[in-house]
2 protein chains.
Amino acid sequence: MKQKRQNAILKIIEEMCIRTQDELSDQLQRRGFDVTQATVSRDIKELCLLKKQTAGGSRYTAPEKEGFRESVGKVHSIFQSAVKTVDYAMHTIVIRTLAGMADAAAITLESMEWPEILGTIAGDDTVLVILRDAETAKMIADRLSGMLK
Amino acid sequence: MKQKRQNAILKIIEEMCIRTQDELSDQLQRRGFDVTQATVSRDIKELCLLKKQTAGGSRYTAPEKEGFRESVGKVHSIFQSAVKTVDYAMHTIVIRTLAGMADAAAITLESMEWPEILGTIAGDDTVLVILRDAETAKMIADRLSGMLK
DNA sequence: AAAATTTTTTCATATTTATTCCTCCTTTTG
DNA sequence: CAAAAGGAGGAATAAATATGAAAAAATTTT
């Protein structure tokens, strides 16, 4: 059902201007999908929909770059399964991974394209991440830790 | 000041992951721009920034398509200055414009790419807009009327 | 340079969106 | 099969964003 509903969402936002999640859940109701705004919010996140400005209001649209949608979830889960701990010192972050997974973890990090990350160095089970300064290191370390749950 | 600030915003969101408007106004504060979230909200709207999903949260980014930002406001104002009244009947909308401006109004309509609009026909001071059905006509007419204020 | 007009901003909210916590299913496993 | 485990979704609510109205600042006019 979820799959079907998300397809319906993609179809709907292509055919009409959807400006709020309530509007979208209304439209879904009409098509027999009985969902609340909460579910729509989750769907929108999973589909990576964008809310774009247009003359006379904003509107949800699909991301132009194909394949983008799929990758976001995967990056997250590769990172989760490879990483054991995240710690930081000075302007660097040290990530410990399962044996042999450091490279994979580093690659997913790079793919996120976080501008705060100057670079990464991967050994066998350790990734060193270089940030601009200590403050940024703490912030990003927290964010990475957050991704583990 | 506004101009400068908006440039600063573009620079900031390129250099670091900005996830909320509060975060952005904090960063602006640090750079000497003393603004509240309300102002940031309006700036984001004017700059047509997007909030993108990324692994581990979402983030504001600049639109990829250059020139897109500038056009949104202009479309709006051309429409405003050309159009006198918006009315509807059945599944069509009738827009009355200043003499000779119907074509311009129709072109701005088309440029909005609203999927509900099947097509437009422009005379000298009248544009006929064809929608899918009466209900849609009412809705879009309301939205167009809203653009006049 | 004072007055008038327009633009920008803030404050206070309204609106919209995300999340937490719980329930109900479905699937897996012992 | 029963219990455990995981996903999906809703209700309530927290968090984030947008907006109306008034004030302040900037600009133009007289």
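Atom set for the values below is all heavy atoms of this structure, side chains included, hydrogens, waters and symmetry mates excluded. In what follows, chains carry the letters A, B, and so on, assigned in the order in which the sequence lines appear, proteins first and then strands, with residues in each chain numbered from 1.
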Base, sugar-phosphate, or nothing: which does [X] touch, judged by heavy atoms less than 4.0 Å apart?
{"X": "Phe33(A)", "result": "nothing"}
{"X": "Asp34(A)", "result": "sugar-phosphate"}
{"X": "Thr20(A)", "result": "sugar-phosphate"}
{"X": "Val35(B)", "result": "sugar-phosphate"}

Nearest-Å distance, [atom1] ([X]) to [atom2] ([N])?
{"X": "Lys4(B)", "N": "dA26(D)", "atom1": "NZ", "atom2": "P", "value": "13 Å"}
{"X": "Tyr60(B)", "N": "dT17(C)", "atom1": "OH", "atom2": "P", "value": "11 Å"}
{"X": "Arg19(B)", "N": "dT17(C)", "atom1": "CZ", "atom2": "C1'", "value": "16 Å"}
{"X": "Glu46(B)", "N": "dT19(D)", "atom1": "CD", "atom2": "P", "value": "12 Å"}
{"X": "Lys45(B)", "N": "dA16(D)", "atom1": "NZ", "atom2": "C1'", "value": "16 Å"}
{"X": "Met1(B)", "N": "dT6(C)", "atom1": "CE", "atom2": "P", "value": "24 Å"}
{"X": "Leu49(A)", "N": "dA18(C)", "atom1": "CG", "atom2": "C1'", "value": "15 Å"}
{"X": "Gln80(A)", "N": "dG6(D)", "atom1": "CD", "atom2": "P", "value": "13 Å"}

**OP:** For Glu135(A), enumerate each residue passing the side chain to side chain contact (heavy atoms under 4.5 Å, CB included) test, keeping only those at least two apart in sequence or located in another chain.
**Re:** Asp133(A), Arg30(B)

Closest to the [X] side chain: [options]?
{"X": "Gln21(A)", "options": "dG9(D), dA18(C), dT17(D)", "value": "dA18(C)"}
{"X": "Lys2(A)", "options": "dT19(D), dT17(C), dG9(D)", "value": "dG9(D)"}
{"X": "Ala38(B)", "options": "dT9(C), dA12(D), dC11(C)", "value": "dC11(C)"}
{"X": "Thr39(A)", "options": "dT10(C), dG10(D), dA16(D)", "value": "dG10(D)"}
{"X": "Lys51(A)", "options": "dT17(C), dT17(D), dA12(D)", "value": "dT17(C)"}

With the side chain counted from C-beta on, respond yes when [X] and [Y] share a heavy-atom pair under 4.5 Å apart, and no when they do not.
{"X": "Ile130(A)", "Y": "Leu128(A)", "result": "yes"}
{"X": "Lys4(A)", "Y": "Asn7(A)", "result": "no"}
{"X": "Arg19(A)", "Y": "Arg143(B)", "result": "yes"}

Original post:
Just by distance, do the side chain of Glu116(A) and the backbone of Leu131(A) share a donor-acceptor pair under 3.5 Å?
Top reply: no

Original post:
Mapping Asp22(A) and Arg5(B) to their closest nucleotides on DNA chain C, which lands nearer the 5' end?
Top reply: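 It is Arg5(B) whose nearest nucleotide is closer to the 5' end.
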
Subject >> Glu15(B) atom CD: more than 12 heavy-atom contacts under 6.0 Å >> reply: yes

Subject >> Pair of N/O donor and acceptor under 3.5 Å linking dA16(D) base with Gln37(B) side chain >> reply: no

**OP:** Decide yes or no, distance alone: a donor-acceptor N/O pair under 3.5 angstrom between the base of dT20(C) and the side-chain of Arg42(A).
**Re:**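 A donor-acceptor contact between them is present.
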
**OP:** Tell me whether the OP1 or OP2 atom of dA18(C) has a side-chain N or O from Ser41(A) closer than 4.0 Å.
**Re:** yes

